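Data first, discussion second: the structure below is written as structure tokens.
Since the model is a prediction, treat every value here as computed from it, not as a measurement. Indexing begins at 1, ligand by ligand and atom by atom, following the structure's order.
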Amino acid sequence: MVVDLEKRDVVTIEDLSNGEIEAVFSLADEMSQTMAEQSSVCQGKIMASLFFEPSTRTRLSFEAAMNRLGGRVISVMEIGQTSLAKGESIADMARVVGSYADIIVIRHPWEGAARVVADYADVPVINAGDGGHEHPTQTLCDLYTIKKERKTLEGLKIALWGDLKYGRTVHSLAYALARFGATMHFRPRRGLEMPEHVMRKLTTEYAGRLERYNAVKDVEKDGLFPLDAVYVTPSGPHQLANIPAVGIQMELKTDVDAIYVTRLQKERLEPAGEAGESERSYPVVDKKLLREKGFRETIVMHPLPRVDELAYEMDADPRSMYFKQAARGVPIRMALMSLLLGARKVELPESKGPSFAHHRDYPVYDRDTGVRCRNRNCVSRQGTEARYMKHKFHIVASEPLTLRCIYCEHEIHPRYIASSKWHQGIVEKKRYYSADSFMLARIRPENLIIFDSEAAAEAQGFKPGKRGKAP
Ligand code: CP
């Protein structure tokens, strides 16, 4: 099969199929072995490098990659250097920058910002990290490293460690690992567990199975590896189902292929409450931990930068991979950009995986009935963007009714529903019902009206309906 990614965006790791990821790796292998021959692949192309949050690795490796491909780079590194500081919207900026450059790479503190840029720019857009949402090209570097060191991506056992709530790299990585049939062990700092929307995707869209283990104190006392949750893919039938507590301990005494460490994302913590305890009790990976039986062959990964969660004594250990992960960012990003710019295509055997990306066809809800994303960091909640953006959700579940914001993917559970078909504009027929009543099943998605509160329903002229009696 020929893998052609021309004009595509990479906003989430789900924008690339397994086969396309393999194609990026194959081209990265070729380019890293023939670096000197790549200097005209993107000649005449311009990359816009928009980094509105600090970065060392991602920005410099993207810029190095475009320079190595013979293209040029235009860049801004602070919102204060741009007209966003004057109140310009991200959509307007995207349209304009898309007319100056052939490809846009953007890092932004708001979750969903890269999606907006991709919606409005006429050129390929790469998400270089949007708040605590995703960081898909870091995942490409991570998977590439796992593949190089373990010789496969299939059926591995990976421990994800640290701040799983705000660590965007672990969100993208978890989706990708699930697709390659991994078993994941989550070891979060208490209070910084994987977000609900990530767990839902893993357990429904990727058909994974979740086992929770809560006896953290007992395990810590024994010096074992404590964890809060285990995710098992259907491709790895498991003995944990019947006796989870004992099973998970046993599981950790057997070989873990990689431990993926993340720092506390201090800049994203809730202003009240999350900071103090998180810093005091953050789990540390050091030589002592790596002496445990289950970790003897384990490779140690970290997207970097590190703070205190990964001991410097690990740097000389041959199992440590984090500087290799960072170095591999250049060939990976060279390969990805040359594919998105249509400068290269890749021929792959069909056996390398399906060529379609992972997307569920969920119904979209975008009526203006006052339903809002509750994530304060979502792009849809920001004043500059509210002027033109519609709040938009995927309806991902009905019991309970669950809407997923299409920008940041946080979920909400609105409480009231109605049908546009029942009232057809006639005021007397405007009735609303509880979202957990059987009325929900009677309403087709295209007719569904959703409210956050009774007050919102009544403000739009709806009156409470009798339970069990549809108009
Ligand atoms: N891994 C990563 O995103 O590093 P930077 O923040 O330095 O780009």
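Looking at H171 and E409, their side chains never bring a donor and an acceptor atom within 3.5 Å of each other. With 3.5 Å as the limit, one finds no donor-acceptor pair spanning the side chains of E22 and S26. A donor and an acceptor atom, one from each side chain of D308 and Y282, are nowhere located under 3.5 Å apart.
In the vicinity of L304, heavy-atom distances shorter than 4.0 Å reach the ligand 1 atoms 1 (N), 2 (C), 4 (O). Residue-ligand proximity, T58 to ligand 1, at heavy-atom distances under 4.0 Å covers atoms 2 (C), 3 (O), 4 (O), 5 (P), 8 (O). In summary, the atoms of ligand 1 found under 4.0 Å from a heavy atom of T56, numbered by their order in the structure, are 5 (P), 7 (O), 8 (O). For ligand 1 and Q138, the ligand atoms under 4.0 Å from any heavy atom of the residue are 1 (N), 2 (C).
Under the ring pair (Phe, Tyr, Trp, His ring centres under 6.0 Å) criterion, F25 pairs with Y144, not counting sequence neighbours.
Residue T169 does not touch ligand 1, judged by heavy-atom distances below 4.0 Å.
Any N or O atom pair closer than 3.5 Å counts here, and P305 shares no such pair with ligand 1.
Between R59, R57, H302, R107, it is R107 that holds the heavy atom closest to atom 6 (O) of ligand 1.
Between the NZ atom in K147 and the CG atom in L140 there is a gap of 12.5 Å [rounded to 0.5 Å].
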Next on the checklist: As a quick check of understanding, evaluate side-chain hydrogen bond (donor to acceptor under 3.5 Å, both in side chains) for N127 and E134, giving each step before the final call.
Outcome noted: CA-CA 8 Å; N127 179 6; E134 281 213 40; over 6 Å; no

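In this structure, E53 does not count as a contact residue of ligand 1, since none of its heavy atoms falls inside 4.0 Å of the ligand.
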